[in-house]
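Notes for the one structure printed next.
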Amino acid sequence: MSFGRRRLFGSRQQTAELLIPAVLGGLLVVYFLLPFAFFLWRTGSVPIVETLAQPAAQTAIRNSLLTAPVSTLIATVCGVPLAYVLARRSFRGKRLVEALVVLPLIIPPVVGGAMILTAVGRFTPIGAVATQLGIPLTDSLIGVILAQTFVAAPFVVITARAGFGAIDERLEQASRSLGYGPLGTFWNVSLPLARGAILAGVVLTFARAIGEFGATMMVAYNPRTMPTRIWVDFISGGIDAIVPLALALLSITLVVVAAIQRLGRVPTVIDR
Amino acid sequence: MTLDVSGLTHQYGSKLAIDDVSFSVGDGELVALLGPSGCGKTTIVQAIAGHITPTAGTVSLRGQAVTAQPPEARGVGVVFQEPTLYPHLTVAENVAYGLKAQGMGATEREQRVESVLALVDLSASHDAMPTELSGGQRRRVELARALAPKPDILLLDEPLSALDRALRRQLQAEIRRIQAETGVTTLVVTHDQQEAMSLADRLVVIQEGQVAAVGEPRELYHSPPNRFVGSFLGRANTLEATGVDRTQSVIRVGGTAIEQPDLPETDQPVVQIRPESVTVGSADDSSADEITFSGQVVKVSDVGTQYDIEIELPTGERLVGTAQRSPPGVDETVSVGIDRRDLVVFDE
């Protein structure tokens, strides 16, 4: 009996302990859910498939699918080594580099886009040379990639850096003493062990890149990607007009994120 | 000489970690680098392995200076204090890791892995993941991984510190056996004097970043070159000599005059005597080398295997001696016997 009573008391006490976090957290979850649910509510009254079949929507989907993976790839190929250096070395100006990495997260994407324009816009030296060579850096898919990379790359750098930082440096020292140089050690030890963190960063970067609007609008309003198309449709047709593309964007992102997580699932020790 | 360390000095920022450290390790020798925690032992090992670049000094392996070479070019096997097995690889893959770097073929590699795992008695764990092993087994896999590429020298940095006492004893014996079987030149770092003395052919004792003594364990234990080494290698009573009579070659210790043919340079020398060399009770006057004190028992502690008896001498100094059975009572006046040859005299 006494055991039962204590159990009861214990569970009541636990409920009381969890009350405050449950209420506060619940508020936030409800706030995430409400707009999402009401937005999806409208799908019933909108012809989704027909709208997505239109050439304008098709082009936007194609452009987004062309650019976001490339931006993610660039961010990963350059960002992961940067993350490693930041996690392992101290050097003069490291603070500055770290600040620069975080900068795109702090400034509004529209301002980021404006900054990109001042650097590589059509009438800047770099932009002019590129245009002459037939590779325009603005109002082109390359422009879209530049904007997406600028805004999204910090995610993979910051996440991968945390991943590398969590690896005991002695594991790398052991590899060096076993005959591998810095590159071999990075490839055989650091990379596999930080894989989970890197993939999390890749997922975040991809999601951010494919949904990028502010900077893309400034640098390459044309050709349209899904987010810029959504904006144009909203101006001309209101909320109902954007439901199909928004749903498509959401689905693509979900599928890619799930695929990366599934394919790249770190074979943890417990799994094996 | 397999390893020669000469004038090794290293600073972390403005803090001097090791200062002008020199010693060498001969072919097939097992040497222990012994010192208290934070004395710079790990810094020395890291400099030998090439994981840090020393501020000054040279490291030579097989007669060649390697101070400027990266770790992968040195042929030094390392086992760290913390576990460094790769969690994403099996036991066999961990052991084969260094062999792959040498470009060894798959068949030969597998043979070497088999033989090294047999050496550490872990053939059955070939395909296990490191997390499935016990702490002692993991240590042995690390040993196997370090030995597999046949390094010129094996560095063991506090390899057993994280293990419990029984396992530590067992693995000490294993390390001795493996070292004898492979004949690999080994430098083992430890802060545990018992471990160092039972493992090593020779000790290098480090105190605050400097070499305090080099020598065989027994020799350093019984005739330490300085007070630090004497008290670090085992329990020791330290008494101040009150008077030096140079005409008669006599020093006064604890109220008793002791003949000392080798008089120290200073007028205030210090003597050390180990508790197990202090006989309490029946003094054996028959031996010419026996010195007898008289004193009062202050404290008797039963430490399980023996009794520790603390005695106050006429000078007020205290001395710890031991008795196997029937210890005297507190406040009893007893005679204390010391063999002259067990007394070590230091200048300061």
Checklist entry - From A:Ser177 OG over to B:Leu154 CG, what is the distance, rounded to the nearest 0.5 angstrom? => result 10.5 Å
Item to check | Donor-acceptor pair, side chain of B:Tyr97 and main chain of A:Asn188, under 3.5 angstrom | outcome: no
Checklist entry - Got a donor-acceptor contact below 3.5 angstrom from the B:Tyr86 side chain to the A:Ser175 backbone? => result yes
Please check if the number of heavy atoms outside [X] that lie under 6.0 Å from its [atom1] is greater than 12.
X: A:Ile106; atom1: CD1; value: yes
X: A:Tyr31; atom1: OH; value: no
X: B:Glu208; atom1: CD; value: no
X: A:Leu24; atom1: CG; value: yes
X: B:Glu181; atom1: CD; value: yes

Structural part of [X] lying under 4.5 Å from a heavy atom of chain A:
X: B:Leu85; result: backbone
X: B:Gln102; result: neither
X: B:Pro151; result: neither

Checklist outcome for this item: Heavy-atom closest pair (B:Ala101 atom, A:Leu178 atom, distance to 0.1 Å) is CB-O, 3.6 Å
Item to check | Nearest non-hydrogen partners of A:Leu171 and B:Thr84, listed with the distance | outcome: CD1-CA, 3.7 Å
Next on the checklist: Please identify, among B:Gly50, B:Pro83, B:Gly98, B:Ala73, the residue contributing the most non-hydrogen atom pairs under 4.5 Å to chain A.
Outcome noted: B:Gly98
Checklist entry - Quick one: does A:Arg170's side chain get under 4.5 Å of B:Phe80's, heavy atoms only? => result yes
Checklist entry - Do A:Arg176 and B:Pro70 come close enough that some side-chain heavy atom pair is under 4.5 Å? => result yes
Checklist entry - side chain to side chain contact (heavy atoms under 4.5 Å, CB included) between B:Gln46 and A:Gln173: does it pass, once the steps are laid out? => result CA-CA 9 Å; B:Gln46 293 231 299; A:Gln173 292 182 340; 3.1 Å; yes
Checklist entry - Listed by residue number, which members of residues 85-92 of chain A have a heavy atom under 4.5 Å from any heavy atom of chain B? => result none
